[in-house]
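Everything on this sheet refers to the single structure shown next.
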Amino acid sequence: MKRNSLWNRAFTALVFLFLYAPIVVLIVFSFNAGNSNAVWSGFSLKWYQQLFSDRLVMQSVYTTLMVSVLSTAIATVAGTFAAIGFHNLRSRSQRNALTTINNIPMMNADIVTGVALCLFFVAFFGLWSQFAGWFNGIQQVVELPERLTLGFPTLLLAHVSFNIPYVLLSVSPKLRQMDRNLVDAAMDLGCTWMQAFWKVILPEIKPGIVSGALIAFTMSVDDFIISYFTAGSSSSTLAMTIYGMTKKRVTPEINAISTLLFLVVLALLVVTNLRETRQERRSHQQVVAAAIRAEQRSPLRRALPRVAGGAAALALCAGMVVSATHRSNQPVVNVCSWGEYIDESLITQFEEETGILVNYQTTESNETLYSLLKSGAGDYDVIVASDYMVSQLIEEDMLEALDYSKIPNFSLIDQRFKNLNYDPDNLYTVPYTWGTVGIIYNQTMVEEPITSWEVMFSEEYAGNVLMFRNSRDAMATALLYLGYSVNTTDEGELREAWQLLADAKGRGVYQSFVMDEIFSKLEGGNAAIGAYYAGDYLTMLENNEDLVFVVPEEGSNWFVDAMCVLKDAPHKEEAEAWINFIASTEANLVNMDYIWYASPNQEALEQYPAYYEALYGEALAPDLFEIMAAPDAVLERCQLYVNLPYETRLFYNQLWNELGI
Amino acid sequence: MKRKLSLFSVPYVVWMAIFVVAPIVMIVVYAFSSAAGGFTLSNFTQLGTYAVVFGRSFKLAAIATVICLLIGYPVSYVMSREGPQFQRIAMVLIMLPMWINFLLRTYSWMSILDNNGLLNQLFQSLGVIDLYNRIFGTDLAYFRMLNTQGAVVLGMVYNYLPFMILPIYSVIVKLDHSLIEAAHDLGANTFNVFRRVILPLSFPGILSGITMVFVPSVSTFAISKMMGGGTELLLGDLIEQQFLGGAYNPQLGAAISLVMMVIVVVCMWLMNHFGEGEEQAVML
């Protein structure tokens with residue numbers, strides 16, 4: 001066989017360079033002293049140190065590994081057998097039909113698969129609870145659980161079902177390639193069909209199985225949206241945790257854990273290869289007799305690692321089941337919030353003080369949260385949602401009224417943030433944070449200070465402007481500029497605002513539509529101007545001192561994110577204990593310092609400058625404090641979102657789609 | 001023997017009936033119902049507006065697939081001719097980047113390609129941009145690489161290239177070398193051996209690879225949002241928008257994805273038809 005020419009090897013090397021370039025960048029930034037993905041502020045190992053105390057990340061790594069390894073193992077075995085079965089079907093049309101059905105999960109958009117599976121599981125749980133009720137009624141011997149919820153088992157089922165098609169697709173070509181007479185020959189020579197399978201078919205298709213397993217594992221590790229809809233409220237994979245952070249920013253801790261996982265796999269690869277090479281070399285040196293002896297012993301020897309592997313997997317499963325049942329005796333509260341929106345030490349502190357276990361999950365937007373709740377995927381107790389989403393949930397009767405006698409810290413909340421229009425009688429909510437939206441710009445990249453929304457629609461800085469990538473906030477910038485209410489339902493006004501956006505887009509004003517990518521773009525000097533939230537500006541300022549925040553003269557939007565309890569939440573008392581704890585002054589101070597969003601707790605807000613000075617040994621600049629907690633004069637110019645009627649939301653959606661066409 | 005082996009498919013057929021067909025039935029039901037619950041065709045009649053998005057998604061996915069094939073086939077071929085140890089390592093090395101979260105990889109690409117990103121800074125320091133400006137008389141401060149359709153295609157190629165390499169590689173590596181030698185002995189030159197023997201024999205792998213790249217590329221989301229600047233929607237984004245956007249409209253989302261699936265099935269069917277014919281031609 002001919003060897004590769006230098007040119008061929010250089011080409012392959014280039015492809016590897018292409019595959020690894022972003023990985024190298026990612027690894028480099030895991031050692032960044034700052035929290036940016038774009039600005040290098042010096043070498044540091046702090047993200048690695050923080051990583052190990054970060055329970056959310058470590059737990060999600062564990063869940064990810066469990067799900068991916070188990071689902072890959074199951075899917076590889078099942079997919080291989082299925083491929084052999086399909087291959088041996090007599091009728092070709094049958095085979096083609098089955099192959100097409102097999103391919104469907106791959107063709108489907110992930111989100112559709114996720115929602116469909118979720119609806120399916122929820123429907124099944126409904127039927128099951130009827131059945132279990134009936135079954136428990138007619139006999140007393142076995143008691144079936146009546147209430148099933150989404151959790152690790154459904155997550156695993158979902159992963160197996162989207163993994164199998166990939167295994168099948170990579171095993172099938174090997175079967176088609178295999179010489180059809182091989183099996184017949186083996187059986188003519190006295191093999192049973194079981195032996196023929198193990199000794200002839202399997203070795204022939206092994207490369208296909210291995211690549212199928214690799215692909216399945218990859219899909220499993222990377223999936224987040226199907227997991228979102230099937231994981232329930234108690235387990236969360238690494239990918240889910242990462243996407244949950246995109247409302248704010250993905251912490252470099254994630255770079256650190258990825259680097260570690262990457263290095264572990266690389267090390268394993270090197271070790272196994274070295275061992276195999278050494279074994280190969282040794283076997284060459286061995287005399288024939290020794291080889292024969294080894295051959296005689298080999299079935300047992302070869303079986304041993306497999307048995308050990310199987311036993312380890314079983315032990316892991318058993319351990320997981322035990323830990324799951326063990327947990328169920330402890331009081332629990334399921335919380336859903338945005339990622340990177342709490343100082344996690346608070347979770348540990350709450351658990352230590354009350355003995356209540358907190359399952360903390362994250363989503364990346366109000367709309368995702370709503371979708372999860374609507375399809376039955378999110379059975380949380382406490383959620384954090386923004387003002388307009390809260391009123392939508394109240395309207396649809398999805399929230400439980402709170403017992404404020406159990407939440408004494410509610411009295412510490414500033415009167416300004418009580419009885420707001422999303423919850424006029426304050427029956428359902430306790431505010432979590434508040435803030436304003438404004439324009440953030442790089443003062444070295446603009447001619448003069450910016451004061452108006454006009455800059456978002458004029459050609460002056462064309463190609464350097466970043467616009468929101470969600471319809472409500474993007475339309476609000478245009479509505480504010482035109483002097484309309486951000487809550488207008490008038491289709492003429494909305495159309496006018498849309499026209500403004502569409503024209504600006506047509507003239508190339510927008511470099512891109514962004515959410516959390518705005519961090520790296522503004523910090524790295526890739527864009528000059530963007531609109532975003534005040535708290536996030538303060539985070540960006542840490543990485544780029546040239547950035548300036550302004551609430552435009554036309555006014556802006558201000559928001560409140562509030563904690564609420566879902567209707568019929570199974571752990572209402574624990575939920576109220578959690579809300580009370582988070583509403584306390586101490587918790588608010590800690591949180592404010594971590595996330596840079598202003599607290600609604602009056603005491604905490606007043607004490608914060610002193611708290612900051614005590615912690616960092618320098619005074620908090622008053623103008624920064626005013627950006628975080630806007631004074632009344634600024635708030636008067638700002639409007640709060642209210643929930644829009646369904647027709648208007650559909651109209652928004654239609655306009656937004658048209659903008660993207 | 002064949003009979004017995006075909007029984008292996010029974011458990012999976014049952015599984016598919018539960019986990020594939022049942023959810024699909026739900027999607028069909030959704031696609032034909034209105035928000036209130038009654039039967040309607042309106043979800044499909046409004047799809048005409050989105051024809052552009054359909055066209056753009058299929059076009060970009062097709063380009064990405066062709067590029068993947070053009071890169072993936074030579075790589076698989078080169079790999080299969082290296083030593084067995086190199087092959088083992090290379091196969092895992094090709095998959096390894098994909099085990100790092102998609103979002104992180106995309107952020108990295110953004111910091112490489114951005115206006116003030118690593119690549120532009122490199123060009124700046126090497127004087128490439130000045131040179132370009134002098135030759136073409138332009139006044140560029142940077143090359144615009146991010147937020148273009150090219151960046152979207154790059155994102156697709158980057159994410160799905162391994163899915164092209166692996167199936168092709170696993171077929172090529174098991175090619176019957178006596179066939180190649182026979183062709184050489186019979187006087188075929190290298191090019192003809194490749195075209196007449198190796199390429200047709202690796203067809204099953206190519207078909208699998210194309211499926212595994214094209215299909216997810218069509219329905220991908222987030223790549224166009226992040227690499228393409230979010231100014232031009234792809235199908236995946238459009239569907240996602242219906243579930244996770246401002247208005248929860250799963251009916252329209254289901255309808256779009258149903259139509260998308262039908263188109264993909266037709267494409268795949270055409271390709272398989274073509275592929276099976278090819279395979280037979282080889283055997284004759």
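Here is the naming used below: chain letters follow the sequence lines, and residue numbers restart at 1 for every chain.
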Modelled atom types, side-chain donor and acceptor of B:Y142 and A:N526, under 3.5 Å: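 No, A:N526 and B:Y142 have no side-chain donor paired with an acceptor closer than 3.5 Å.
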
Got a salt bridge between B:D237 and A:R469, using NZ or NE/NH1/NH2 to carboxylate O under 4.0 Å?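 Here B:D237 does not pair with A:R469 in a salt bridge, since their nearest N and O are not under 4.0 Å apart.
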
One thing to verify: whether B:E82 and A:R9 come together as a salt bridge, which I'm taking to mean a side-chain N less than 4.0 angstrom from a carboxylate O. yes

Measuring only between side-chain heavy atoms, which start at C-beta, is [X] closer than 4.5 Å to [Y]?
X	Y	value
A:V160	B:F19	no
B:V20	A:S161	no
B:P204	A:Q177	no
A:I225	B:L244	yes

Please determine whether side-chain contact (heavy atoms from CB on, under 4.5 Å) holds for the pair A:N103 and B:V215, giving the CA-CA distance in whole Å, both sets of side-chain angles, and the decisive distance to 0.1 Å. CA-CA 9 Å; A:N103 289 348; B:V215 171; over 6 Å; no

Could you list the donor-acceptor pairs under 3.5 angstrom formed between side-chain atoms of residues 94-104 of chain B and any protein atom two or more places apart in sequence or on another chain?
| from | atom 1 | to | atom 2 | distance (Å) |
| --- | --- | --- | --- | --- |
| B:W99 | NE1 | A:T218 | OG1 | 2.9 |
| B:N101 | OD1 | B:L103 | N | 2.8 |

Identify which part of A:V514 has an atom lying under 4.5 Å from any heavy atom of chain B, answering side chain, backbone, both or neither.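 Neither part; nothing is under 4.5 Å.
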
Counting only non-hydrogen atoms closer than 4.5 Å, does A:T100 touch chain B with its backbone (N, CA, C, O), its side chain (CB onward), both, or neither? side chain

Starting at OH of B:Y169, measure out to OG of A:S211 and round the result to the nearest 0.5 Å.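 Those atoms lie 9.5 Å apart.
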
Measure distances from B:L258 to the heavy atoms of chain A and classify the residue's part below 4.5 Å as side chain, backbone, both or neither. neither

Could I get the full list of salt bridge (charged side-chain N to carboxylate O under 4.0 Å, His left out) partners for B:D114, not counting sequence neighbours? A:K521

Can you classify the ring geometry of B:F8 versus A:F197 as parallel (below 30°), tilted (30 to 60°) or perpendicular (above 60°)?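 Answer is perpendicular, since the angle exceeds 60°.
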
For this output row, return yes or no: ring centroids of B:W15 and A:F81 closer than 6.0 angstrom. no

For A:Y370 together with B:Y248, are the ring centres under 6.0 Å from each other?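 That pair passes the under 6.0 Å test.
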
